[in-house]
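What follows is a single structure, written as structure tokens, with notes after it.
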Amino acid sequence: MEFIKKIEFDQNSFKLNKIEEKIVRKVFEWPKIIESASRKFDLHKIPFYLYELSTLFHAYWSKGNEDKKYKFIINEQINRKEILAIINLVAIVIKNGMGILDVSLPKRM
């Protein structure tokens with residue numbers, strides 16, 4: 001999977017909704033999870049965290065089916081740069097977490 005190395009935002013128009021904020025906060029917990037799991041040998045924290053993160057992301061993705069304002073992709077394009085950044089962040093964390101757990105990921109679904 002190719003990750004986007006740099007996404008530039010306009011500070012004046014950057015805005016996250018409450019669901020996006022919740023996902024970003026969850027992503028920012030990742031370093032603490034890794035530290036705790038390695039320091040205390042609580043490796044179960046990693047899959048539980050990854051499950052919670054993917055559940056949050058999936059719920060947000062599904063919300064787009066209920067309400068157009070939450071749709072990620074419109075006319076075959078990512079709706080907002082903020083969503084693109086969130087997708088990238090979640091993908092990086094999941095890829096790294098699965099690597100730590102030695103679980104391979106499919107290239108395509």
> Is the count of non-hydrogen atoms from other residues, nucleotides or ligands lying under 6.0 Å from Phe14 atom CZ greater than 12?
Replying inline: yes

>> What I'd like to find out is whether the side chain of Leu84 reaches to under 4.5 Å of the side chain of Phe72, using heavy atoms alone.
In response: no

> Is the closest side-chain donor-acceptor distance between Glu29 and Tyr49 under 3.5 Å?
Replying inline: no

>> Would you say that Val27 contacts Ile86 through its side chain, given a criterion of any heavy-atom pair below 4.5 Å between the two side chains?
In response: no

>> Between His44 and Asp42, is there a side-chain heavy-atom distance shorter than 4.5 Å?
In response: yes

Side-chain donor-acceptor distances from residues 32-40 under 3.5 Å, at least two apart:
| from | atom 1 | to | atom 2 | distance (Å) |
| --- | --- | --- | --- | --- |
| Ser36 | OG | Lys45 | NZ | 2.5 |
| Ser38 | OG | Ile34 | O | 2.9 |
| Ser38 | OG | Glu35 | O | 3.1 |

>> One pair to check against side-chain contact (heavy atoms from CB on, under 4.5 Å): Arg80 and Glu20. What are the steps and the verdict?
In response: CA-CA 12 Å; Arg80 298 174 22 247; Glu20 291 166 346; 2.8 Å; yes

>> With clusters defined by side-chain heavy atoms of hydrophobic residues (ILVMFWY) lying less than 4.5 Å apart, directly or transitively, does Val90 cluster with Ile73?
In response: yes

> With a 4.5 Å limit on heavy-atom distance, are the side chains of Ile46 and Trp30 in contact?
Replying inline: yes

> Under a single-linkage definition using a 4.5 Å side-chain heavy-atom cutoff for Ile, Leu, Val, Met, Phe, Trp and Tyr, are Ile78 and Val24 assigned to the same hydrophobic cluster?
Replying inline: yes

> Can you name the closest pair of heavy atoms from Glu82 and Lys15 and give their distance?
Replying inline: OE2-N, 3.3 Å

>> Checking Trp61 against Ile83 for the side-chain contact (heavy atoms from CB on, under 4.5 Å) test, could you report, in this order, the C-alpha distance in whole Å, the side-chain angles of both residues, the deciding distance, and whether it holds?
In response: CA-CA 10 Å; Trp61 177 271; Ile83 291 173; over 6 Å; no

> Does the pair Leu43 and Ile100 meet the rule for a side-chain contact (heavy atoms from CB on, under 4.5 Å), with working shown?
Replying inline: CA-CA 10 Å; Leu43 298 180; Ile100 289 168; 5.9 Å; no

>> Tell me every residue that passes side-chain contact (heavy atoms from CB on, under 4.5 Å) with Glu21, counting only those two or more places apart in sequence or in another chain.
In response: Leu16, Arg25

>> Give me the atom names and distance for the closest heavy-atom approach of Val93 to Leu50.
In response: O-CD2, 3.9 Å

>> Before you tell me yes or no, could you show the steps for Asn17 and Tyr70 under side-chain contact (heavy atoms from CB on, under 4.5 Å), namely the whole-Å CA-CA distance, both residues' side-chain angles and the distance that decides it to 0.1 Å?
In response: CA-CA 9 Å; Asn17 63 42; Tyr70 293 110; 3.7 Å; yes

>> Do the side chains of Lys26 and Glu52 get close enough for a salt bridge, i.e. N-O under 4.0 angstrom?
In response: yes

> Which heavy-atom pair separates Ser54 from Ile94 by the least distance, and what is that distance?
Replying inline: CB-CD1, 4.3 Å

> Where the side chain of Asp67 meets the backbone of Lys69, is there a donor-acceptor pair that is under 3.5 Å apart?
Replying inline: yes

> Under a single-linkage definition using a 4.5 Å side-chain heavy-atom cutoff for Ile, Leu, Val, Met, Phe, Trp and Tyr, are Phe28 and Ile23 assigned to the same hydrophobic cluster?
Replying inline: yes

